[in-house]
Structures are given as C-alpha cells and as structure tokens.
Amino acid sequence: MRYYIGAEARLRRMVEDVAMSVFEGWNYEEVITPSVDYYDLFEQGMGQREAQRGFRFTDNDGRLLALRPDVTSSVARMAATLLSERARPLRFCYAAPVFRQQTQSHAEWRRENTQLGCELIGAGGKPADLEVLRLAAEILSRLNLQSRYCITINNVEIFNGVAAQINLETPAREQLRRLIDTREADELQRFLTNYGNGETRAFAQPTELTGKRNVIQAARRTITNDRSVAALDSLDELWTEIEALGLEDSFEIDLGDVSSLDYYTGLSLKVFVHGAGSSVGRGGRYDGLTGSFGRAEPAVGFVLNLDALTEVLGRKATQD
Amino acid sequence: MITIAIAKGRMQDSALSLLSRAGIRLSEEAVNSRRLALTDETGQYRFIFVKPADVPVYVEHGIADCGVVGRDVLLESEADLLLPLDLGIARCRIVVAAGNAEAMTRVQGMIRVATKYSQIATAHFGSRGIPVEIIQLSGSVELAPALGLADMIVDLVETGRTLRENGLTVIEEIAESTGRLVVNRASYQLKAGEVARLVNALKAII
C-alpha cells in the first residue's frame with residue numbers, strides 16, 4: 001500500500017509516459033483490459049501456481065472472480081477471440097496495475113504493482129525477439145539509466161533439451177531447476193553425479209553460466225542434443241544482432257535463468273537496474289499461451305515494474 | 001565496492017578467518033572496535049555485522065550484495081537469494097530431540113514442539129503428515145520438555161552437550177547446517193565481476 005504525492009507522483013507519471021511513448025513509436029497500440037475477470041482466465045493464462053497468488057472472490061452466482069494478477073492473459077485471450085480475424089502481427093502495450101498476494105517478509109512485498117508492458121503476437125523468430133529487447137533497452141536509456149541497467153537473456157529450451165535427454169521425472173527436474181536457479185554449486189555437483197550424462201555438466205559451474213558470447217561457446221562444448229543446440233544457435237544469432245546494435249554492454253547471457261520454465265517457450269529475459277535489489281522487469285516468448293484460448297500462434301513480450309523504476313529514479317535524483 | 005553482511009555470534013569469527021585466508025582482511029583495530037560497518041584493508045569490501053536472521057533481509061533487499069549466514073537461518077527465512085557456496089564453517093545439525101525415545105509413543109493426539117525454528121519444524125512435521133502444535137521460543141529451548149511446556153524440541157545441535165545435560169536425546173536429524181555465502185540476485189548480474197572474484201577467492205581455499 002503506497003501513496004505517491006506531488007513530486008513522486010509526477011516522476012511516476014513521467015516514467016509511464018516515457019514507456020508509453022516508446023511503445024507508441026514502435027506502433028504498439030494501447031489496450032485497457034478489465035481489472036476484474038473470471039479466475040479461470042488467469043489460471044489458463046498463467047498456470048495454477050502463479051494465478052493462485054491473485055486475490056479471488058465470488059460473484060453472486062458463485063463463480064470465481066479474480067483481481068487481475070497479470071495483463072498478458074487478458075491480451076492473449078483478446079487476440080485469440082475478439083481479434084482472431086485481424087491481420088498479424090498484433091502489437092499491444094499497456095500501463096496497468098496488477099494485484100498479487102505477497103509473502104510479507106520478501107523484498108517484493110507490494111500487493112499492487114503497475115506493469116508497463118507490451119505483447120507482440122503472431123510474429124515468431126529472431127526479428128520479433130530482437131524487437132522487444134530493443135524496446136526494453138530504449139525505454140531504459142530514455143529514462144537516463146544508460147549503463148545502470150542490465151538485461152539478461154536466456155533460451156529456456158537449452159535447459160529443457162538437457163532435462164529431456166536424461167529423462168528427468170518431474171520432481172527431479174524441479175530439483176535440478178531450483179539448484180540452477182539459486183546457483184547452489186555444491187548441491188548441484190552432488191545431484192549431477194547421479195546422472196552420468198555429460199551434458200548436465202554444462203550447468204555444474206553456476207558462476208560460468210553468466211557472461212557474454214563466451215557462455216554460449218562454453219555450453220556448446222558439453223551440450224550436443226538437437227533441442228538445446230537449436231536454442232543455443234538462436235541465442236547466438238540474437239547476440240550477434242545485439243552486438244551489431246552496439247548494445248552488448250547492456251546485455252548479458254544468463255543460462256542459469258530458469259525461473260519460469262513452464263511459462264516461456266524460448267527467449268526469456270530479466271531486467272536489473274542499479275539501486276533495485278530485485279529484478280525490475282521480465283519477459284520472454286510464450287508460444288504456448290494463445291493456443292489455450294483457441295488460436296495457437298507465436299507471441300513475445302515483457303513487463304517493467306513502474307513502481308520499482310520510480311523508486312530507483314527517485315533515489316537517484318536525490319543522490320545526483 | 002561490495003557489501004558483505006556477516007551474521008554476528010557463532011558464525012562471525014570463522015567467517016572472518018575464512019575471508020582473511022582468501023585475502024580479504026580487516027585490520028586488528030577495526031575488528032576490536034564496536035563499529036558495525038567496517039571497510040577492509042584494500043577498500044574493496046565493506047562489512048556489516050547484523051543478527052543472523054537479518055542477514056537474508058539485508059541481502060534480499062540489496063542493501064548488502066553478499067552475506068555469510070547459516071543454512072538454518074536460510075531455511076527459516078525462505079528468502080529469495082542465490083546460494084553459490086557452501087563455506088563448510090560452523091557446522092551443526094538441526095534435529096528433533098525429546099526426553100527419551102518413547103516420548104513419541106506416549107503422546108496422544110497432538111504433539112507439542114518447542115522451537116526457535118517454527119518454519120523448519122512446521123515443514124518437517126507437515127511433510128510427514130504429523131499434526132503438531134508449534135510453540136515459538138527465542139532461546140533455552142532445551143528447558144521446554146523438562147518443564148512440561150512441550151513434548152519435544154527442534155533445535156540446532158553442535159556437540160550435543162547441551163541436549164545431554166538437559167536429559168534430551170536426538171530422535172531424528174532434519175538437516176545439516178553450515179555457513180553459506182548468499183548473494184543478492186540483482187548484484188549477481190550488476191556486479192558480476194566483483195561477485196565472481198569473491199566467490200572464486202573463497203572457493204580456492206575451501
């Protein structure tokens with residue numbers, strides 16, 4: 001529960017305006033989705049575990065409603081139903097509050113966060129991935145966070161390919177995912193000795209999972225299954241484009257970013273800014289999502305956390 | 001410069017001697033002072049000394065980039081942190097202990113468990129489907145069974161001497177706990193070089 005008064009409110013509005021004008025410059029149309037919708041929508045869109053963090057209540061006919069915990073679910077359904085006839089690709093952007101229950105003690109304690117987000121639906125492949133990465137970078141540099149931010153990118157299929165190859169059952173896969181996510185080197189070594197396969201060794205040294213192109217080269221030395229190699233190739237190509245744009249100082253490859261494997265289907269990204277203790281944005285490719293609303297097509301997008309950005313910029317302004 | 005939060009008490013001396021073997025030294029005078037924030041001899045590292053349970057809080061919010069704290073504290077806090085290194089210091093066990101082994105069989109209905117570690121105790125008994133009443137204490141937990149406050153305790157054991165002297169025996173080991181290096185998620189990316197240098201310096205001497 002947070003009030004913004006006077007100068008703070010102006011700063012927050014300015015951040016929102018910057019993001020929305022960048023989106024507009026790339027031909028993203030603004031969309032306003034309902035704040036309250038049936039809970040089923042969000043469960044279909046986000047998966048049960050994430051959707052359950054939403055605030056739920058019942059309508060007078062007993063059906064379960066939720067205060068929207070994300071905007072992407074609504075946009076994906078809108079694209080698949082209301083706009084199913086419209087020419088692709090679709091480009092949408094929004095600035096909207098989302099509501100999630102939080103564990104009180106955690107750094108991300110706010111129940112209400114405003115997301116500045118965009119969705120590019122009906123376009124796959126490298127150009128679409130690159131487009132959203134450029135958008136994110138442009139917003140952050142227009143906010144004068146140049147050289148103070150870092151966008152990490154990964155392709156979740158690298159992990160998925162390796163896990164599929166050694167036939168991990170769901171609990172063991174989840175355990176491996178968690179150990180990589182929290183970079184628990186010693187437990188990871190112990191876990192991997194049970195799986196003789198050489199490819200898992202690519203994840204054994206957590207400190208070597210983040211960096212520039214060298215990370216991909218190192219992974220190629222141990223990973224040979226087709227699924228992961230294809231993902232490494234596409235990450236490699238994306239990195240070439242990032243270098244061609246001169247953005248390589250602001251980007252980092254992080255093969256250890258395996259936090260949302262069930263949601264993303266290819267590219268995944270996280271945004272970090274000096275002065276914020278946790279990530280201020282995230283996104284990726286979710287080609288599986290619109291299919292659950294009846295029209296399968298590629299989609300990619302990201303969100304930035306307006307409240308976290310405002311806080312960082314506010315503190316930066318008083319320091320400067 | 002990166003900031004390292006160190007858990008005061010049990011962990012502090014072994015953490016500082018480990019860091020000094022890794023080439024990160026505090027001057028004698030600084031260690032003996034009562035200041036809670038100190039800078040090392042090279043000026044690359046700042047240390048802050050806080051209560052163990054507060055280490056995950058400082059690190060999760062990014063006020064400290066790294067921390068040294070026991071696994072027992074991390075299990076209890078459920079903070080979202082990176083755990084790149086097991087430092088192997090201040091080794092101990094988190095155990096269930098009771099007056100004697102038959103204590104379990106005599107208890108009817110609800111078991112009362114006294115502990116400082118209510119999260120760990122709840123998760124442990126919950127995963128076995130054993131209904132328990134958790135009684136949260138903040139110290140001298142070993143007293144509780146003898147005085148009839150609880151049937152058993154969940155606590156940290158180093159040598160087992162305190163348990164023995166209070167007539168308690170270990171029934172079950174829940175987990176082993178050692179000192180961990182924890183890292184803030186944002187610092188791990190934004191100060192990648194400095195964090196990697198610290199991790200590698202420590203890894204080389206463990």
Side-chain angles (χ1 to χ4, degrees), chain A residues 102-109 145 147-154 178-190 204-212 214-215 249-254 256-259 269-282 305 308 311-312 315, chain B residues 1-3 5 53-67 71 73-88 91 118-119 127 175-176 178-204 206:
Chain A
Q102 304 284 357
T103 315
Q104 201 80 51
S105 65
H106 282 201
E108 273 185 73
W109 59 269
L145 289 168
S147 80
R148 296 180 63 88
Y149 75 89
C150 168
I151 300 177
T152 66
I153 57 171
N154 187 24
R178 190 179 56 76
L179 292 177
I180 295 172
D181 180 49
T182 54
R183 326 276 160 150
E184 287 178 70
D186 303 296
E187 282 81 354
L188 206 49
Q189 305 273 15
R190 240 171 281 146
Q205 291 301 336
T207 43
E208 283 150 34
L209 294 174
T210 46
K212 309 290 179 187
N214 58 323
V215 173
D249 288 341
S250 304
F251 280 81
E252 192 122 307
I253 293 165
D254 181 12
D257 174 19
V258 290
S259 51
L269 68 104
K270 277 197 177 141
V271 182
F272 295 95
V273 176
H274 276 282
S278 42
S279 68
V280 299
R282 57 187 295 183
N305 182 329
E311 200 172 310
V312 169
R315 229 179 300 134
Chain B
M1 181 155 81
I2 63 176
T3 301
D54 296 341
V55 171
V57 179
Y58 277 94
V59 179
E60 190 178 24
H61 283 79
I63 305 300
D65 303 296
C66 304
R71 179 156 181 256
V73 176
L74 295 172
L75 287 171
E76 192 61 20
S77 89
E78 295 177 320
D80 184 26
L81 303 169
L82 302 180
L83 314 162
L85 268 190
D86 183 347
L87 299 173
R91 188 175 297 274
S118 58
Q119 298 279 356
S127 70
E176 199 183 49
T178 47
R180 291 298 186 116
L181 180 72
V182 297
V183 181
N184 171 270
R185 281 184 182 271
S187 302
Y188 194 80
Q189 301 298 342
L190 296 167
K191 299 184 180 178
E194 287 164 284
V195 171
R197 210 174 311 136
L198 174 66
V199 171
N200 291 331
L202 285 168
K203 198 154 59 176
I206 293 171

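Heavy-atom basis, side chains included; hydrogens, waters and symmetry copies ignored. Note that the coordinates shown come from a computational prediction; the quantities given were computed from them, not determined experimentally. Reminder, nothing fancy here: chain letters follow the sequence lines and each chain counts from 1.
- A:Arg183 CZ to B:Leu82 CG: the interatomic distance, rounded to the nearest 0.5 Å, is 6.0 Å.
- Considering all non-hydrogen atoms of both residues, A:Gly277 and B:Asn184 come closest at O-ND2, 2.8 Å.
- With a threshold of 4.5 angstrom between heavy atoms, A:Glu184 approaches chain B through its backbone and through its side chain.
- For B:Asp86, the parts sitting under 4.5 Å from any heavy atom of chain A are the backbone and the side chain alike.
- In terms of heavy-atom pairs under 4.5 angstrom with chain B, the leader among A:Val273, A:Leu188, A:Asp181 is A:Asp181.
- Heavy-atom distances place the side chain of A:Gln205, and not its backbone, under 4.5 Å from chain B.
- Heavy atoms closer than 4.5 Å to chain A are found in the backbone of B:Leu81, but not in its side chain.
- By the 6.0 Å contact criterion, OH on B:Tyr188 is enclosed, its count of non-hydrogen atoms from other residues, nucleotides or ligands being greater than 12.
- The candidate with the highest count of non-hydrogen atom pairs below 4.5 Å against chain A, out of B:Ala196, B:Ala192, B:Ala186, is B:Ala186.
- In this structure, B:Leu190 and A:His274 approach most closely via the heavy-atom pair CD1-N, 3.5 Å.
- From B:Arg185, atom CZ reaches atom NZ of A:Lys270 across 5.5 Å, with rounding to the nearest 0.5 Å.
- Between A:Asp186 atom CG and B:Ile206 atom CD1 the span is 7.0 Å, to the nearest 0.5 Å.
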